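Order of the sequence lines fixes the chain letters, A, B, ..., with proteins taken first and strands second; residue numbering starts at 1 for each chain. Please read all numbers here as calculations on a predicted model, not as lab measurements.
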Amino acid sequence: MNLNDLSWLAHAAPYLLDGAGTTLGLTVVGAVIGMAGGTVLALLKLYAPAWLARLATWYVASFARFR
Amino acid sequence: MILTIFWAFFLLPWALRAITGRADLDIGPVYAALIAFVMAESAYFCEVIRGGIRAVGPGQLQAAQSLDLTTPQSLRLVVLPQAIRHMMPALVTQTVGLLMDTSLVYVISLNDFLGAASKVAQRDGTLVEVYLFVALCYWVVCNLGVQLAQWLQRRQPRHRP
């Protein structure tokens with residue numbers, strides 16, 4: 001192991017960049033659509049009729065249990 | 001989160017096949033991961049956004065409605081613009097959490113940054129170098145996100161109007 005030798009990075013770069021693209025893509029798309037869905041759920045919880053608010057609360061609580 | 005990813009990868013295609021009757025239906029690992037993250041993150045983002053909206057206070061909504069705005073108009077024009085300021089630090093923190101959670105997609109053999117690094121490390125026999133590099137990359141990105149969240153937190157007004 002030689003931490004000063006970075007020649008491995010040149011060989012690894014295409015694969016790492018491909019993986020980084022997947023990671024960033026999942027993060028950005030997941031965050032954007034997640035925020036839109038989260039806004040809808042939050043508005044349902046706060047301002048929707050009681051049965052819809054309960055449905056949204058159940059959905060959020062069911063995922064909070066897995067956290 | 002792993003359970004949600006498994007559901008989206010195995011259970012969702014099975015349910016779609018049962019509903020549509022198409023035996024060859026498959027959503028693939030990328031869409032399965034995306035569906036899992038959107039389903040879970042929308043629940044977490046919901047709590048952040050709800051907290052931001054509640055931080056604005058009911059008087060703002062009542063004042064907007066007294067100006068003859070409908071409830072959707074009041075939310076869009078008055079409440080949400082103020083709420084976004086309150087929720088931004090938590091939204092950034094949650095997004096950093098999502099970035100870290102994406103490494104869990106290895107369970108469905110999706111080639112993310114960590115998965116690609118793992119394969120390269122095993123192929124080239126450079127385990128320590130590659131994993132240190134990956135750790136450094138994650139640390140830099142997450143630290144930038146945390147710094148951004150803290151900067152947004154400092155920009156918040158200290159007293160509510």
Next on the checklist: Tell me the closest heavy-atom pair linking A:V60 and B:C46, and the distance in Å.
Outcome noted: CG2-SG, 3.6 Å

Checklist outcome for this item: Applying a strict 4.5 Å limit to non-hydrogen atoms, the region of B:L75 in contact with chain A is side chain

Checklist outcome for this item: Most contact-rich option vs chain B, by heavy-atom pairs under 4.5 angstrom, among A:A56, A:G34, A:A20, is A:G34

Item to check | Path from B:I5 to A:I33 over hydrophobic side-chain contacts below 4.5 Å | outcome: yes

Checklist entry - Can you get from B:Y44 to A:L55 by hopping between Ile, Leu, Val, Met, Phe, Trp and Tyr side chains that sit under 4.5 Å apart? => result no

Next on the checklist: Pair A:T22, B:F113 - check side chain to side chain contact (heavy atoms under 4.5 Å, CB included), show working.
Outcome noted: CA-CA 7 Å; A:T22 305; B:F113 188 48; over 6 Å; no

Checklist entry - Just how far is it from atom CD1 of B:I84 to atom OG1 of A:T39, taken to the nearest 0.5 Å? => result 8.0 Å

Item to check | Same cluster (ILVMFWY, side-chain, under 4.5 Å), B:M88 and B:L80 | outcome: yes

Next on the checklist: Among B:K119, B:R50, B:E47, which residue has the highest count of heavy-atom pairs closer than 4.5 Å to chain A?
Outcome noted: B:R50

Item to check | Which atoms of A:L46 approach chain B - backbone, side chain, both or neither, heavy atom under 4.5 Å | outcome: side chain

Checklist entry - Hey, is OH on B:Y106 packed in by over 12 heavy atoms from elsewhere, all under 6.0 Å? => result no

Next on the checklist: Between B:L99 and B:I108, is there shared hydrophobic-cluster membership here, with clusters defined by ILVMFWY side-chain heavy atoms closer than 4.5 Å?
Outcome noted: no

Item to check | Residue B:V130 versus chain A: region with a heavy atom under 4.5 Å | outcome: both

Checklist outcome for this item: Highest number of heavy-atom pairs under 4.5 Å with chain A among B:V38, B:V141, B:L114 belongs to B:V38

Item to check | A:A31 to B:T95 - nearest heavy-atom pair and separation | outcome: CB-CG2, 4.0 Å

Next on the checklist: side chain to side chain contact (heavy atoms under 4.5 Å, CB included) for A:Y47 and B:I53? Distances and angles first, verdict last.
Outcome noted: CA-CA 11 Å; A:Y47 301 108; B:I53 291 171; 3.7 Å; yes

Item to check | Pair B:S42-A:L41, side chain to side chain contact (heavy atoms under 4.5 Å, CB included): steps then yes or no | outcome: CA-CA 8 Å; B:S42 59; A:L41 283 170; 4.1 Å; yes

Checklist entry - With only heavy atoms counted, which part of B:M87 is less than 4.5 Å from chain A, the side chain, the backbone, both or neither? => result neither

Checklist entry - Of the non-hydrogen atoms in B:A43 and A:F63, which two are nearest, and what is the gap between them? => result CB-CB, 3.7 Å

Checklist entry - With a 4.5 Å limit on heavy-atom distance, are the side chains of A:L16 and B:F133 in contact? => result yes

Checklist entry - Using non-hydrogen atoms only, which part of A:L17 is less than 4.5 Å away from chain B: side chain, backbone, both, or neither? => result neither

Checklist entry - Would B:L3 and B:L11 show up in the same hydrophobic cluster when neighbours are defined by side-chain heavy atoms closer than 4.5 Å? => result yes

Item to check | Contacting moiety of B:T126, where chain A heavy atoms sit under 4.5 Å | outcome: side chain

Checklist entry - Is it the backbone or the side chain of B:L61 that comes under 4.5 Å from a heavy atom of chain A, or both, or neither? => result side chain

Item to check | Contact class of B:L110 relative to chain A, heavy atoms under 4.5 angstrom | outcome: side chain

Next on the checklist: Minimum heavy-atom separation for B:A33 and A:L26, please, with both atom names.
Outcome noted: CB-CD2, 4.1 Å

Next on the checklist: Is it the case that over 12 heavy atoms from other parts of the model lie below 6.0 angstrom from the OH atom of B:Y131?
Outcome noted: yes

Checklist outcome for this item: From the list B:V96, B:T102, B:D101, B:D112, side chain to side chain contact (heavy atoms under 4.5 Å, CB included) with A:T27 holds only for B:T102

Checklist entry - Which pair of non-hydrogen atoms, one from A:A42 and one from B:I49, has the smallest distance, and what is that distance? => result CB-CG2, 3.8 Å

Checklist entry - Do you know which two heavy atoms are closest between A:Y15 and B:R123, and how far apart they sit? => result CE1-NH1, 3.0 Å

